[in-house]
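The structure appears right after this line, and notes come after that.
Values below: all heavy atoms of this structure, side chains included; hydrogens, waters and symmetry mates excluded. Just so we're on the same page: letters track the sequence lines, and every chain starts at 1. Everything numeric here is computed off the predicted structure, so don't read it as measured data.
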Amino acid sequence: MELRYSFADIEKRCQDQWEARGLFKASDDSPAQRYYVLEMFPYPSGRIHMGHVRNYTIGDVVARYKRMLGFNVLHPMGWDAFGLPAENAAIKHGTHPARWTYENIDYMRRQLKRLGLSYDWSREVATCAPEYYRWEQFFFLEMYERGLVYRKKSKVNWCEGCQTVLANEQVEEGGCWRCGGQVVERELDGWFFKITGYAEELLNGCGGLPGWPEKVLTMQRNWIGRSEGAEIGFRLEDGRKEITVFTTRPDTLFGVTFISISPEHPMATELSRDTGQCEAVSAFIEQCSMIPPKERRDLKEKKGVFTGAFAIHPLTGRRLPVYVANFVLMEYGTGAVMAVPAHDQRDFEFAKEYGLPVSVVIQPEAMPIQPEVMDGAWEGRGRLVDSGPFSGMWSEEAKGAITRRLEEEGIGRRKVTYRLRDWGISRQRYWGAPIPMVYCEKCGVAPVPKEELPVILPCDAQIDPQGRSPLAGLESFYRTVCPKCKGEARRETDTMDTFVESSWYFARYACPNEDTKPLDRRLVDKWLPVDQYIGGVEHAILHLLYSRFFTKVLRDIGWLSAGEPFKNLLTQGMVLKEGAKMSKSKGNVVDPDEMIKAYGADTVRLFILFAAPPEKDLEWSDQGIEGSYRFLQRLWRLVTNNIEVLKDAKVDRRIILASVERLPELKVIRQKTHQTIARVTEDIEKRLHFNTAISSVMELVNECTAYLNRFEDPAKMDAGVWPVMREAVDAALLLLSPMVPHITDELWRLIGHEGHICLEPWLKADEEAMLSETMSIVVQVNGRLRGEIRVSRDAGGKTIESEALSDPGVKRHTAGKDIKKVIHVPGRLVNFIVA
RNA sequence: GCCGGAGUGGUGGAACUGGUAGACGCGCUGGACUCAAAAUCCAGUAAGCCCUGCGCUUGUGAGAGUUCGAUUCUCUCCUCCGGCACCA
């Protein structure tokens, strides 16, 4: 009787049993070594997409594999549930964001369960739940107490589409990271996290993350953008004030011929007062401010205007005209630079444009440069000239020497500057965690007392179709009393950036139900850091940098010990269709539900793991998934067509060894079995390359099938076949079980085992079984392949070489020629060099 | 411009520290089974060459180099992808 592979029934049954038996619960007390595998939790947008399927399947294989190795595995899932799409849906469909979000969560949770993912669902968190964001508000207050949160009015990135502020990290190519909409500048009050206070540690920490892709580390390093240099004060001619500049090239100090300041520099207008340049300066500043930030970045032309003021060179006393220049950024350094046209390309271009002097102070070793014939700045190293007492020094050496001199004279100091800026977290939106602050006329800004947390996000707010913050207009929310004077006060109506929630959720999974404090340190320290984190590379800076920052803050406050949240990071590639990212507008979306319905979750998982290594982009292929389905059916038939004999076969080492002695073909199969165990283990353990792991199991299954197909009548087969086959099949099932958990679970039972395959220990290859008596040696003549010989494993060099020489192909090419040299790589090849 | 990563058959992708290039899958071709088809099974499948055979030549983006031997190491260049970009 044929047993059909009815994946739908099998998968449903397995999933129900796993859940009923609580197989994937992580134990807080188990003495077994712990392993924490985590995938980036999804935003509950409505449905799971193929990117999620890929992400979560990869994580699931790791989780299941580690469990079989005996680890106590934590593999949780949750929802990044605050965010703008919920509000947009509310406007469009009239459903409340909360309802929309929770309905999506319910739907997506069912989708994930249908994939057979081995999560500990008892630890599920949703960040929009007060039980979660309450502790986020708590952290906010603790950070406030420590000066890590502050409020300031500043120029911010305002997204017209989302009607809210964005952090610097959230602006991509001048547009919004989420909606791609235009980003404009606005002057706004907002709360900031002092991430710059951790710049140095975040940067240094990159060196201690060998388990992260180099690419991500480089991106973070670039984003933090550390530069070492000096701050130098240039006194103005009239002696009243000073302009402070930042430079990374104090060695070029003697080559300064003018000073450039940003149009936004507070002294810009002031300097031009009473100089006759006042109007020109104001006009220029006005002109610069008109250009939107998006266009400003493309503008390469250097423009500026003389302020009429002069500064005095601190060491030479030279008069230096002060210019307002469009390329000087107020946000970086001090907003003012000392211009050294000979040794800075931008200053060079500016100097040429406005006829300012170029004075060379660094001479490159190769050929001397002269200002008159230069067509660009010399930015390399060299020897100092015309630099007073420092002349003759190497530029590298002069950096320190000149800085020390400035420090002695009290004119300047060593200074490290970062590109990284503080993280603005205020969002003028409804669907987010309220910022627990109160404004009082009398007392000013006051934190909400911790005992009063959470500040609940009210559910009766009216969502404004214009996209304005509903909380600002909701009196029942914002009217409150001042915690200090008990007088009338107003609540903060901005909510927190949703990246705040995702910056610590991985810690909350350790103690998701803790309701007296944010984290249970004992449990958090048991589980953190995450051993393997998996997600898209699009968060290389955003989420991953914020999480690292938060971890360090929580460590310093005393909530956990880990210095870094994620020990190993895998950034998985995208799922493409026809070479492009799947999107509704392109109409190339493949729906996971449909695929599961048509082929089953195992086939979908198998294809997605097989089609490409995880870090590379994956091209979806309808024929490819057919191929995966065919393989599973072949596996199914291999077991079910021989079910009775396989069931009766004993996997007994002595019986197997006896069979193998008698039938050499079986020895090959047994050898293959153990080679496959070794190969799969290595592929998963060392590189998480499931594609090659799967292909080697395919080879094993193919070999078994091919062997059995050779017999027309199975009854005629030697009984010794079955123990060896049984060993091979058991191995194939065990090795595949983390990847295709349902079919292997079913076959495991059918073949006569008790219990679930995922509870079985991982296999260890038998080294001895992997060896064969003979080995094949490739023979080359002059580096070209001319033959192949089989020799006994313990054959000596002489025997192999004479054997190789007698190979007909080799003979043909060596006949009548002198052998000049023999290269013999033991176990691999022999190469004869002939004249 | 700077910093990463990648270029391998018709196609997705293999090749561990330099040692048989193209594993495995898809597609395609032929055959078996079938009245026929699907499914399945078997065989073949880098290109070119006299296909006379298990024969020869070329071939991992292009060009050079190191080596007995290079997809792998070095240099130059080209293309694509990603990141940063007037950061002083």
Side-chain angles (χ1 to χ4, degrees), chain A residues 172-173 213-223 225-227 229 245-249 252 260 262 296-302 325-329 331-340 343-347 349-350 379 417-420 537-538 540-541 576 606-607 610-613 615-628 630-631 633-634 637 679 682-683 686-687 689 691-699 701-702 705-706 709-710 776-788 808-809 812 820-825 827-834:
Chain A
E172 293 172 350
E173 310 219 341
E214 200 49 49
K215 175 186 165 148
V216 174
L217 294 173
T218 309
M219 282 167 76
Q220 294 219 346
R221 287 190 187 106
N222 289 343
W223 187 261
R226 180 185 200 272
S227 19
V245 304
F246 172 71
T247 181
T248 54
R249 294 294 304 270
T252 63
S260 304
S262 167
R296 207 173 301 164
R297 20 175 300 135
D298 307 327
L299 219 67
K300 292 282 163 179
E301 219 180 338
K302 309 231 165 356
N326 66 350
F327 65 91
V328 182
L329 306 172
E331 310 86 73
Y332 187 78
T334 59
V337 297
M338 60 179 222
V340 187
H343 306 294
D344 181 284
Q345 187 57 26
R346 295 155 306 186
D347 297 339
E349 286 166 31
F350 194 86
E379 296 184 329
T417 296
Y418 301 92
R419 211 188 74 107
L420 180 72
V537 75
E538 64 273 17
I541 298 169
L576 310 176
L606 184 69
F607 170 70
F610 179 62
E615 68 278 6
K616 283 184 69 167
D617 286 349
L618 181 154
E619 176 69 27
W620 185 268
S621 154
D622 293 332
Q623 281 141 345
I625 196 155
E626 289 275 356
S628 296
R630 276 203 289 264
F631 171 70
Q633 290 207 304
R634 212 155 62 233
R637 280 195 306 269
R679 175 94 196 269
E682 197 185 286
D683 283 346
K686 276 189 17 200
R687 309 188 295 171
H689 277 200
N691 56 332
T692 48
I694 292 165
S695 84
S696 56
V697 182
M698 282 175 169
E699 284 184 55
V701 171
N702 290 348
T705 313
N709 282 340
R710 295 221 304 265
S776 91
I777 302 285
V778 164
V779 190
Q780 297 181 333
V781 179
N782 285 348
R784 286 165 185 271
L785 178 68
R786 299 300 180 188
E788 188 180 339
R812 225 182 359 255
K820 287 264 174 68
K821 196 174 169 188
V822 182
I823 290 133
H824 187 172
V825 183
R828 286 211 178 255
L829 62 61
V830 180
N831 186 7
F832 296 106
I833 309 303
V834 298

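Contact between the side-chain N/O atoms of A:R784 and the OP1/OP2 oxygens of B:U20 is not found at any separation under 4.0 Å. One finds a side-chain N or O of A:R812 lying less than 4.0 angstrom from the OP1 or OP2 phosphate oxygen of B:G55. The side chain of A:T417 contributes no N or O atom lying less than 4.0 Å from OP1 or OP2 of B:A88. Phosphate contact (OP1/OP2 of B:C56, side-chain N/O of A:R786, threshold under 4.0 Å): present.
Regarding A:F246, its CZ atom lies at a distance of 16 Å from the P atom of B:C86, rounded to whole Å. Atom NE2 in A:H689 sits about 7 Å away from atom P in B:A14, given to the nearest Å. Nucleotide B:G12 holds its P atom 12 Å from the CG atom of A:L618, rounded to whole Å. Note: CD (A:E615) to P (B:G5) measures 13 Å, nearest angstrom. Distance, A:Q220 CD to B:G4 P: 17 Å, rounded to whole Å. Distance CZ (A:R828) to C1' (B:A15): 10 Å, rounded to an integer number of Å. If you measure from atom NZ of A:K616 to atom P of B:C80, you get 18 Å, rounded to the nearest angstrom. Atom CD in A:E619 sits about 10 Å away from atom C1' in B:U11, given to the nearest Å.
Here A:R226 lies out of heavy-atom contact (under 4.0 Å) with every strand. Looking at heavy-atom distances under 4.0 Å, A:V245 makes no contact with the nucleic acid at all. Residue contacts shown for A:K820 are absent, as no nucleic acid heavy atom lies under 4.0 Å away. When heavy atoms are screened at a 4.0 angstrom cut-off, A:S776 is found touching base atoms of the nucleic acid. A:D617 comes within contact range of the sugar-phosphate backbone alone, with a heavy-atom separation under 4.0 Å but no base atom that close.
Spacing between B:C2 and B:G19 at atom P, rounded to whole Å, works out to 34 Å. The same atom, C1', is picked in B:U8 and in B:C24; the two are 16 Å apart, to the nearest Å. Look at the P atom in both B:G69 and B:G59: the space between them is 14 Å, to the nearest Å. When the C1' atom is used for both B:C26 and B:C33, the distance is 24 Å, rounded to whole Å. B:C35 and B:A23 are spaced 36 Å apart, taking the P atom of each and rounding to whole Å. Comparing B:G1 with B:U57, their C1' atoms are spaced 45 Å from each other, to the whole Å. To the nearest whole angstrom, the two P atoms, one in B:A6 and one in B:A14, are 12 Å apart. B:A46 and B:C84 have their P atoms separated by 44 Å, given to the nearest Å.
A:N782 approaches A:I833 most closely through the heavy-atom pair OD1-CA, 3.3 Å. Across all non-hydrogen atoms, the minimal contact from A:H343 to A:E379 is O-CG, 3.5 Å. The shortest heavy-atom contact between A:N691 and A:P613 is ND2-CD, 3.4 Å. Nearest heavy atoms, A:A612 versus A:D617: CB-O, 3.8 Å.
Just one of A:L618, A:I694, A:T692 meets the side chain to side chain contact (heavy atoms under 4.5 Å, CB included) condition when paired with A:F610; it is A:I694.
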- prompt: Are A:V834 and A:V781 close enough, and set up right, to give a side chain to side chain contact (heavy atoms under 4.5 Å, CB included), and what steps lead you there?
  reply: CA-CA 7 Å; A:V834 298; A:V781 179; 4.0 Å; yes

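For B:G7, the O4'-C1' to base torsion is more than 90° from 0; the nucleotide is therefore anti.
Applying the side-chain hydrogen bond (donor to acceptor under 3.5 Å, both in side chains) rule to A:R784 yields no partners; only residues at least two apart in sequence or on another chain are considered. With sequence neighbours excluded, the residues forming a side-chain hydrogen bond (donor to acceptor under 3.5 Å, both in side chains) with A:E615 are A:H689, listed by chain and number. Residues that satisfy the ring pair (Phe, Tyr, Trp, His ring centres under 6.0 Å) test with A:W223, not counting sequence neighbours, are absent from this structure. Scanning for salt bridge (Lys or Arg N to Asp or Glu O under 4.0 Å) contacts around A:R679 gives A:D683, with sequence neighbours left out. Not a single ring pair (Phe, Tyr, Trp, His ring centres under 6.0 Å) links A:F631 to another residue, sequence neighbours left out. Remark: A:F607 engages A:W620 in a ring pair (Phe, Tyr, Trp, His ring centres under 6.0 Å) (not counting sequence neighbours). Under the salt bridge (Lys or Arg N to Asp or Glu O under 4.0 Å) criterion, A:E538 pairs with no residue at all, not counting sequence neighbours.
For A:K302 and A:F350, the positive end is not near the middle of the six-membered ring at less than 6.0 Å and at most 45° from its axis.
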Nucleotide N/O to protein N/O under 3.5 Å, stretch nucleotides 82-84 of chain B:
| residue | atom | partner | partner atom | Å |
| --- | --- | --- | --- | --- |
| B:C84 | O3' | A:R419 | NH1 | 3.0 |

Any N/O pairs under 3.5 Å between the protein and nucleotides 8-10 of chain B? List them or say none.
none

Under-3.5 Å N/O pairs linking protein and nucleotides 63-73 of chain B:
| residue | atom | partner | partner atom | Å |
| --- | --- | --- | --- | --- |
| B:C68 | O2 | A:N831 | ND2 | 2.5 |

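Residues A:M338 and A:D347 have side chains not in contact (no heavy-atom distance under 4.5 Å, counting atoms from C-beta outward). Put simply, the side chain of A:V778 reaches to within 4.5 Å of the side chain of A:L785, judged on heavy atoms. Two residues are said to be in side-chain contact when any heavy atoms from C-beta on lie closer than 4.5 Å; A:Q780 and A:L829 meet this criterion. Using a 4.5 Å heavy-atom cutoff, the side chains of A:N831 and A:V822 are not in contact.
Side chain of A:T218, nearest nucleotide from B:A88, B:U20, B:C3: B:C3. You'll find that the side chain of A:R687 is closest to B:A15, out of B:C16, B:U57, B:A15. Comparing B:G13, B:C56, B:A88 against the side chain of A:P613 picks out B:G13 as the nearest.
Comparing A:K302 and A:A706, the nucleotide of RNA chain B nearest to each residue sits closer to the 5' end for A:A706.
Taking a pair as Watson-Crick or G-U with both hydrogen-bonding distances under 3.5 Å, the stems of three or more pairs touching RNA chain B are B:1-7 with B:78-84, B:10-12 with B:24-26, B:27-32 with B:40-45, B:46-49 with B:55-58, B:61-65 with B:73-77.
No salt bridge links A:R419 with A:E331; every basic N to acidic carboxylate O contact stays at or beyond 4.0 Å.
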- prompt: In the 5'-to-3' direction, what one-character label does each nucleotide of nucleotides 23-28 of chain B receive under the scheme B = base within less than 4.0 Å of a protein heavy atom, S = sugar-phosphate only, - = no such atom?
  reply: BBSSS-

